[in-house]
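Heads up: the structure comes next, in structure tokens.
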Protein chains: 2
Amino acid sequence: MDNKIKRLKEKGVVLTIQRMAVLEVLNNSSNHPTVEKIHKKLLRKYPTLSLATVYNTLQVLRQAGEIQELNIGREKRFDPSIDPHHHFYCRGCERIIDLEISCPIAQKGSIDGHKIESVQAIFFGTCADCLKKGKDNA
Amino acid sequence: MDNKIKRLKEKGVVLTIQRMAVLEVLNNSSNHPTVEKIHKKLLRKYPTLSLATVYNTLQVLRQAGEIQELNIGREKRFDPSIDPHHHFYCRGCERIIDLEISCPIAQKGSIDGHKIESVQAIFFGTCADCLKKGKDNA
DNA sequence: ATTCCTGATTATAATTTTTATTAGGTTAAA
DNA sequence: TTTAACCTAATAAAAATTATAATCAGGAAT
């Protein structure tokens with residue numbers, strides 16, 4: 001968290017109360033929240049904080065490379081971790097689980113002459129918990 | 001194409017004119033079109049075909065496992081190929097390029113006890129063409 | 001301290017994307 | 001041919017995101 005703030009300052013990002021608050025909520029969450037979820041949580045502490053600010057802030061943070069934006073399902077989701085890792089989406093409980101793996105192809109830096117900057121892999125399936133509960137409707 | 005139709009019939013999917021038309025457009029496209037693009041193209045031949053039908057059909061085809069739905073950017077995009085392959089999204093020209101690779105982890109069928117059914121990997125970066133043109137604003 | 005400037009925030013409107021509804025039409029089976 | 005099931009079109013509604021304009025906050029210069 002402190003490192004992120006330091007890097008943001010170095011990049012010339014103005015660190016307002018609102019931006020710090022968004023960053024904090026994201027850092028303390030492990031469930032890849034949607035914009036709506038982040039906003040709802042913040043409203044408890046900052047009742048006037050607008051949804052637009054959350055959108056703006058998330059964009060600023062992403063452009064600064066301090067958070068990740070995930071395209072899973074209809075809504076965008078956000079991940080405070082920028083370490084190379086991937087995600088498992090369970091069709092049963094709809095959870096998004098972090099996977100501590102990194103893509104061997106991405107590490108090469110390029111493929112077919114295209115320069116790779118990042119990768120986002122989503123594994124779809126049924127998680128261990130749902131398998132146990134027999135929610136595997138295959 | 002013929003195989004797809006055969007499999008759809010076997011699965012009990014009613015093959016209407018509209019559904020065939022959507023499937024055909026998708027099969028003849030290599031640029032991973034959005035719902036809007038598919039609809040626009042179809043309107044030329046079928047002026048009354050509604051957007052809702054395109055949405056419905058794409059959902060039917062996806063649930064039947066005959067097409068792939070891609071979450072890249074804001075709009076959903078569709079891919080007629082269900083063979084294991086992945087995608088490269090160029091930040092320069094915004095093209096989506098097919099990558100003829102398959103994920104070694106997905107082939108194992110499971111990870112951390114979670115059952116894998118499919119994977120969707122998106123590599124972000126700058127494509128070979130844009131690199132040449134110096135569009136690599138890194 | 002006051003004014004000015006820049007950029008952030010708020011509130012709201014507008015747009016875009018997706019899903020739901022409903023009435024009418026088609027299709028396929030009995 | 002009649003019935004039941006399902007599909008389509010048109011429309012409305014909902015959900016998600018972006019744009020706009022007014023306001024506000026913090027520094028820099030006066």
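Only this structure's heavy atoms are used, side chains among them; waters, hydrogens and symmetry mates stay out. In what follows, chains are A, B, ... by sequence order, proteins preceding strands, each numbered from 1.
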*Want to settle it: does B:Ile17 or B:Glu75 sit nearer the 5' end of DNA chain C, counting the closest nucleotide to each?*
B:Glu75
_Which residue lies more 5' along DNA chain C, comparing B:Arg74 with B:Leu15 via nearest heavy atoms_ = B:Arg74
Rounded distance (Å) that lies between atom [atom2] of [N] and atom [atom1] of [X]:
X: B:Leu43; N: D:dA10; atom1: CG; atom2: P; result: 10 Å
X: A:Leu49; N: D:dC24; atom1: CG; atom2: P; result: 16 Å
X: A:Asn56; N: D:dT17; atom1: CG; atom2: C1'; result: 11 Å
X: A:His39; N: D:dA15; atom1: NE2; atom2: C1'; result: 16 Å
X: B:Tyr55; N: D:dA9; atom1: OH; atom2: C1'; result: 16 Å

Tell me, do [X] and [Y] make a side-chain contact under 4.5 Å, heavy atoms counted?
X: B:Cys103; Y: B:His86; answer: yes
X: A:Asn31; Y: A:Ile96; answer: no
X: B:Arg77; Y: B:His87; answer: no

*What is the ring orientation for A:His114 with B:Phe88, classed by angle as parallel under 30°, tilted 30 to 60°, or perpendicular over 60°?*
tilted
*On DNA chain C, reading 5' to 3', which nucleotide is the first and which the last to sit with an atom under 4.0 Å from a heavy atom of chain A, could you check?*
C:dA8 to C:dT19
*How would you list, by chain and number, every residue that makes a side chain to side chain donor-acceptor pair (under 3.5 Å) with A:Asn56, sequence neighbours excluded?*
none
*Check whether any side-chain nitrogen or oxygen of B:Gln18 sits under 4.0 Å from OP1 or OP2 of D:dA9, and answer yes or no.*
yes
_For D:dA9 and B:Thr48 - does any side-chain N or O of the residue sit under 4.0 Å from the phosphate oxygens OP1/OP2?_
yes
*Of all residues at least two apart in sequence or in a different chain, which pass the salt bridge (charged side-chain N to carboxylate O under 4.0 Å, His left out) check with B:Glu69?*
B:Arg62, B:Lys76
